[in-house]
Amino acid sequence: MNPSVTMQQGFSRARRVFLRDVIAGLRSTPKQLPCKYFYDRRGSELFDRICLLDEYYLTRAELALMDQFAPEMGAQIGAGAMLVEYGSGSSVKTRYLLDGLPDPVAYVPVDISGDHLQQTAGELARDYPRIEILPVCADFTKDFALPRSRQPASHAAVYFPGSTIGNFLPGEAVALLRRITRMCGTGGGLLIGIDLKKSIPTIEAAYNDRLGVTAEFNLNLLRHINRELGADFDLDQFFHQARYNAELGRVEMHLISRRAQTVTLGGETVEFEPGETICTEHSHKYTVDEFAAVASAAGLTLRREWTTEKREFAVLHFAVLQHAG
Ligand code: AVJ
């Protein structure tokens with residue numbers, strides 16, 4: 001019997017999807033891997049370290065906005081909301097928002113990483129006893145059901161911080177925002193963090209830090225694949241590089257093969273040429289107007305914007321105007 005078949009039978013559903021995604025990505029030209037698989041335990045820790053780096057201005061800029069304007073953002077969202085966060089991670093920024101929101105009914109953190117989610121939900125339940133915490137372990141790019149809160153909410157508001165929307169191609173971003181529009185319905189809203197276009201050296205430095213934490217984060221994707229899928233990537237034979245594609249307005253992260261090599265996974269082999277790259281992440285940068293146009297295509301209207309003085313980062317509030325259906 002083909003050994004890969006026996007192995008796959010022992011795989012959980014999530015792992016089979018992971019394997020399918022990885023093989024499809026490595027079979028395409030140019031090779032690519034989905035960035036959502038960065039976030040195993042170690043990947044999440046490395047990302048937390050990225051957020052503290054001198055060069056990685058994004059988190060500091062967004063936190064400064066939350067620190068200064070959360071009460072205004074909360075007022076803009078309105079009283080009695082169910083706050084739904086996409087990709088909640090450690091919910092650090094959320095605490096500012098929960099502190100600024102008038103009488104929120106429930107907080108629904110949505111994250112793909114179940115362990116992290118349960119831990120964070122427990123901490124929030126302890127610190128915010130008056131807000132019902134309803135964690136949902138899901139991939140927010142797929143449909144998921146909103147939990148029902150004990151106390152009925154007047155409306156749903158999605159919080160999508162961190163410029164995570166930048167990982168999606170503009171067309172995918174419209175599709176994801178449409179889901180949000182549909183889920184919230186008329187009267188709902190979206191508060192979203194967007195990394196803004198700026199000088200290329202500033203952007204590139206944020207993804208090529210001197211300490212090499214981003215390189216570790218990128219390479220850890222291969223380690224994750226080795227561990228979960230029994231692949232045999234040699235991490236020493238790939239190196240990290242991030243470059244800004246000005247035409248498409250995005251950072252592209254790559255893992256570059258140092259030499260010709262063959263990698264085995266799931267009973268299949270994948271060949272690499274010297275210098276061949278795997279694109280592991282796109283991180284789109286927008287102007288406020290560009291992003292408002294993307295959101296408008298999904299039935300969302302810009303209501304307010306908060307930007308840092310140096311215009312590094314923006315937090316934008318959109319209203320669902322017409323329920324797209
Ligand atoms: C979490 C997607 C916003 O694109 O800046 C950081 C991920 N990748 N350094 C980003 C990331 C490399 C980050 N996002």
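We count ligands from 1, going down the list as the structure has it; atoms in each ligand are counted the same way.
Separation of the Tyr39 and His116 ring centroids does not fall under the 6.0 Å cut-off. Aromatic pair Tyr128/Tyr107: ring centres not closer than 6.0 Å. The aromatic ring centres of Phe233 and Phe238 sit less than 6.0 Å apart. Taking the six-membered ring for Trp and the full ring otherwise, the centers of Phe38 and Phe217 sit less than 6.0 Å from each other.
At least one N or O atom of Glu281, backbone or side chain, sits closer than 3.5 Å to an N or O atom of ligand 1.
Taken from CZ in Arg41 to CZ in Arg227, the straight-line distance is 10.5 Å, to the nearest 0.5 Å.
Residue-ligand proximity, Ser283 to ligand 1, at heavy-atom distances under 4.0 Å covers atoms 4 (O), 5 (O), 10 (C). Residue Tyr39 has at least one heavy-atom neighbour below 4.0 Å for each of these atoms of ligand 1: 1 (C), 7 (C). Atoms of ligand 1 lying under 4.0 Å from at least one heavy atom of Ser163, given by number and element, are 3 (C). Atoms of ligand 1 found under 4.0 Å from any heavy atom of Asn167, numbered from 1 in the order shown, are 2 (C), 4 (O).
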ring-ring contact (aromatic ring centres under 6.0 Å, His included) between Phe18 and His224, intermediate numbers included: CA-CA 11 Å; Phe18 186 10; His224 185 197; 4.9 Å; yes
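Heavy-atom distances between Gly166 and ligand 1 stay at or above 4.0 Å for every pair. For the pair Phe168 and ligand 1, no heavy-atom separation below 4.0 Å is found.
For atom 1 (C) of ligand 1, the nearest non-hydrogen atom of the protein is Phe47 CZ, 3.6 Å. The nearest protein atom to atom 3 (C) of ligand 1, hydrogens excluded, is given as Gly162 O, 2.8 Å; this is a heavy-atom distance.
Around atom 14 (N) of ligand 1, the closest heavy atom drawn from Tyr56, Tyr207, Phe38, Phe217 belongs to Tyr56.
Taking the six-membered ring for Trp and thresholds of 30 and 60 degrees, Phe160 and Phe140 have ring planes more than 60 degrees apart, a perpendicular arrangement.
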